[in-house]
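Structure first, then comments.
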Amino acid sequence: MALSIKPIGDRVVVEAAPAEEKTASGLYIPDTAKEKPSQGVVVAVGTGKPEEPLTVHVGDKVLYGKYAGTEITYEGKEYLIMRESDIYAVL
């Protein structure tokens with residue numbers, strides 16, 4: 001699951017969970033109305049800062065802000081690069 005992308009400092013790379021396809025009642029959600037997911041899996045971590053080592057690890061499921069990170073596409077997959085401080089919780 002590890003990537004060849006190596007984030008710098010306190011940054012991490014997250015693979016976002018897929019957006020919900022259906023509502024709880026079974027209605028399909030069109031692409032234009034899907035919410036951006038706010039959880040995903042950490043796939044790469046930086047080295048941290050000397051005074052603040054990173055606390056998340058590759059493989060952690062995390063919850064982050066709706067507008068957190070910068071979206072990138074790498075080898076055909078979409079990822080987010082964000083600072084560890086943009087992560088709210090490990091699930």
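In what follows, every heavy atom counts, from backbone to side chain, and hydrogens, waters and symmetry copies are set aside.
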Compare all side-chain heavy atoms of Pro7 with those of Val45 and state whether any distance is below 4.5 angstrom.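 Counting from C-beta outward, Pro7 and Val45 never come under 4.5 Å.
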Please name the pair of heavy atoms, one in [X] and one in [Y], separated by the smallest distance, quoted to 0.1 Å.
| X | Y | result |
| --- | --- | --- |
| Tyr74 | Tyr79 | O-CE1, 3.7 Å |
| Met82 | Gly69 | CB-CA, 3.7 Å |
| Gly40 | Tyr64 | N-CE2, 3.8 Å |

Report the C-alpha separation of Ile72 and Ile5 in whole Å, then their side-chain angles, then the decisive distance to 0.1 Å, and conclude whether the side-chain contact (heavy atoms from CB on, under 4.5 Å) test is met. CA-CA 11 Å; Ile72 63 163; Ile5 295 175; 3.8 Å; yes
Result block: side-chain N/O donor-acceptor pairs under 3.5 angstrom for residues 50-59, not counting sequence neighbours:
from	atom 1	to	atom 2	distance (Å)
Thr55	OG1	Glu84	OE2	2.8

With Asp86 via side chain to side chain donor-acceptor pair (under 3.5 Å) - residues at least two apart: none
Heavy-atom count around Ile8 CD1 within 6.0 Å, excluding the residue itself: above 12? no
Hydrophobic cluster identity match, Tyr88 and Val14, side-chain contacts under 4.5 Å: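 Each belongs to a different hydrophobic cluster.
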Applying the 4.5 Å side-chain criterion to the ILVMFWY set and letting contacts propagate, would Leu63 and Val43 be lumped into a single cluster? no
Could you tell me which residues satisfy salt bridge (Lys or Arg N to Asp or Glu O under 4.0 Å) with Lys77, sequence neighbours excluded, listed by chain and number?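 Partners of Lys77 by the salt bridge (Lys or Arg N to Asp or Glu O under 4.0 Å) criterion, ordered by chain and then number, come out as Glu15.
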Nearest 0.5 Å please: distance from the CD atom of Gln39 over to the CD1 atom of Ile87. 12.5 Å
